[in-house]
Amino acid sequence: MKKKDRRPEAYRRLTHPLVRDGHGSLVRASWDEALDRAAEGFARARAEHGPDAFGMFSCSRATNEMNYVAQKFTRVVMGTNNVDSCNRTCHAPSVAGLSAAFGSGGGTSSYEEVEHTDLIVMWGSNARFAHPIFFQHVLKGIHNGARLYAVDPRRTSTAEWAEHWLGLDVGTDIPLAHAIGREIIHAGLANHAFIRRATSGFEAYAEEVEPWTLSAAEQVTGVPAAAIRGLAHAYATAERAQLCWTLGITEHHNGTDNVRALINLALLTGHVGRYGSGLQPLRGQNNVQGGGDMGAIPNRLPGFQDLLDPGVREKFESAWSTVIRPRYGRNLTEMFEAMESRELRAVYCIGENPAQSEADSGQAMRRLSALDHLVVQDIFLTKTAELADVVLPATAAWCETDGTTTNSERRVQRVRKAVEPPGEAREDIDIICALAARLGHDWTFADAEQVWDELRSVSPEHYGMTYDRLAEHQGIQWPCPSLDRIEPSYLHGRLWEADPARRGPRAPFGIVRHDPPVDPTDEEYPIRLTTGRRLDSYNTGVQSGSLASPLRRGEMVELCPEDAARLGVVTGEEVRIASRRGAVVAPVWVDPGLRPGLAFMTMHFPDEVDTNSLTIEANCPIAGTAEFKASAIRVEKLTGGTAAGEQPTGDKLTGEQPTGDRIQSATATTAASTQPTAAAGRGE
Ligand SMILES: Nc1nc2c(c(=O)[nH]1)N[C@H]1C(S)=C(S)[C@@H](COP(=O)(O)OP(=O)(O)OC[C@H]3O[C@@H](n4cnc5c(=O)[nH]c(N)nc54)[C@H](O)[C@@H]3O)O[C@H]1N2
Ligand SMILES: Nc1nc2c(c(=O)[nH]1)N[C@H]1C(S)=C(S)[C@@H](COP(=O)(O)OP(=O)(O)OC[C@H]3O[C@@H](n4cnc5c(=O)[nH]c(N)nc54)[C@H](O)[C@@H]3O)O[C@H]1N2
Ligand SMILES: [Mo]
């Protein structure tokens, strides 16, 4: 007898298609009915408003093969390049920054090299929680003698393992990086031979960082001058060094500039292009690297080939018997803007939950609700799916399908079907192909390998990775252009070649300038809120549970002991948290690892506390990534008898506003646009 499923409805897998009925409810439908409805809506949007009225959100939890087919559907069936994924909310600035410096957006090293290096810097990255497998390699590196530095506003679990923690104010990474660069130059520790041979723009860079003396940077970042100097000397004198970063760097309105500021340090010291030395942006979802590599981004065709290159387009046009629009599509952020202007009418959302993951979720929900046609293909009934016209139940890529995924070190690995999917759930690729067939394109792929072989035929970087070879080598890193060779584990070794012809283009320094967070702290909103992750939960909680449980605390606003004392609140006490966009009620967690004036919340429990109703949609103009890491809030004590969810009036609480020196100074630091003058620094 089958056991009864006692989990709450929200935790149960989707087992059959749903369509919206005449009364506005989602009701059970047959696959034929659901697929017909989905395809009709797409066809209507295209007929009435043109191909660019369609947009695809592709799933970074699913396989490379699925992402390849999703972008092909977008380009060939719908005739637009409007395809993107969660990379936009995440590491798009890393890809943009690395591409600008080296011509390729991938992280330059391998996990193994972290075990064989002398210095590891985790910058804006809580890998102990968010990349635990990578962190095992870090621990082995430490065991082998590597020194670990952590640069994070919070004393995180990662920072606990570090020899030195540099606790900077949110959004002050460029001053810190520039001060490190200046110190390296002034101490005579720059690798001038490498700079001359392999880089360009050093003079302009040296000029740009010149005002950032150690004391000027200390004032703006809050990091003691001696600690900045310590990291500068450790990094520049290490034989081999790994600079790793994640969202503390990228999720800012100037995320790409932040990334360039870190890359500059590697160019200055030559810590790139050699075994044990490199730049590692640890990617977020398990296959977000692969999704981009497969062309599920608006400006690249599979194999990260530029859509505007006529030769590249021609190759794909003949392979796919189609015409590719010679214009970049809209990225995720731009698609949301186009929903507002009604230029985007229909969205096919596969394995993303933007109703809860986008910054300023109130605005995101409004925009999604205004679409003419929304099709959601997921394994759970998400908040986004609740807004859909058609919901299609998919298999879970990680255990119910065959294919490959690509991790942060560019390693393509096989995943294999291990269990049967529940109910009528169908494979993502089959569903997309069934829709393509209804829209006049008959693609039949016998299996995932056939999709992969089609990809290999158009992507030189992947050509050498047959399924057999992937199994034989337990995964292969790209680039792998040949069937009989495995390339080195790191990229850009060419920069060290003596022969200029083999060395290729120079890597330019990025000339970037400090620009503080867009949402200013002031008297009304005196606290800087940053958001991020915990070890025990995953993103919007769809797959890890979006409610507190006896094993795990739910959403809490984390405050430092000084701020909690000033507000007169203790751990467990509910408070109201308000930003310029929204307000929520959540319990307090007092955390001595936080610095005064800083609060932390996660994004994991949006059904209980919708953190993204507080965050600001201030986007990096180059990458389109929002400033999830810096909002301004006020925290209000709920006076006696106010139940959770009720909104106490602001007036009553004015007296509770923190006004102490420490918070004021944090406010002044983050709100002032500070490019110190060279003169100011001369006293040092
Ligand atoms: N357990 C778990 N693991 C995950 C996920 C999950 O939800 N749960 N999600 C996955 C995904 S999609 C991603 S993208 C990764 C993200 O992995 P991480 O980027 O490591 O995770 P976050 O906690 O979002 O942010 C990292 C750190 O940035 C710091 N930070 C905030 N503002 C600043 C700043 O201005 N400067 C600096 N230097 N640091 C700052 C925060 O204090 C935080 O500790 O994790 C992946 N892994
Ligand atoms: N405040 C705040 N907000 C943030 C961030 C932050 O740091 N702070 N980080 C941002 C980042 S880095 C990211 S990546 C985004 C994450 O944003 P999303 O990608 O929107 O959120 P997830 O919760 O990861 O949703 C993944 C979805 O994929 C579905 N899924 C899993 N496997 C499969 C499969 O095989 N097939 C199909 N069809 N579906 C599948 C899951 O059920 C789930 O609904 O959030 C962003 N939002
Ligand atoms: Mo992410």
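Computed from a predicted model, the values in this text were never measured in an experiment. Counting convention: from 1, in listed order, for ligands and their atoms alike.
The option from G248, G167, P517, C244 that lies nearest to atom 28 (O) of ligand 1, judged by heavy atoms, is G248. Residue P153 holds the heavy atom nearest to atom 40 (C) of ligand 1 of all those in P153, C90, A130. Across M603, R128, R533, H604, heavy-atom proximity to atom 24 (O) of ligand 1 is greatest for R533.
Residue contacts with ligand 1: Y538 is placed with no nitrogen or oxygen under 3.5 Å of a nitrogen or oxygen of the ligand (distance criterion only). Here's the thing with G284: none of its N/O atoms is less than 3.5 angstrom from an N/O atom of ligand 1. The shortest N or O to N or O distance between T382 and ligand 2 is not below 3.5 Å.
Shortest contact from atom 38 (N) of ligand 1 to any protein heavy atom: D173 OD1, 2.8 Å. Among all non-hydrogen protein atoms, the one lying nearest atom 26 (C) of ligand 1 is G124 O, 3.4 Å. The protein heavy atom nearest to atom 19 (O) of ligand 1 is T246 OG1, 2.7 Å. Taking atom 2 (C) of ligand 1 as the reference point, the nearest protein heavy-atom neighbour is S537 O, 3.4 Å. Protein heavy atom nearest atom 29 (C) of ligand 2, with residue, atom name and distance: D378 OD1, 3.3 Å. Protein heavy atom closest to atom 16 (C) of ligand 2, with residue, atom name and distance, is N539 ND2, 3.4 Å.
Interface of A397 with ligand 2, defined as ligand atoms under 4.0 Å from a residue heavy atom, comprises 34 (C), 35 (O). Here is the list of ligand 2 atoms found below 4.0 Å of a heavy atom in C86: 14 (S), 19 (O).
Using cut-offs of 30° and 60° on the angle between ring planes, the pair Y111 and H137 is tilted.
Side-chain contact between E400 and P422: present, with at least one pair of heavy atoms (C-beta onward) separated by less than 4.5 Å.
The closest approach between a heavy atom of K629 and any atom of ligand 2 is below 4.0 Å.
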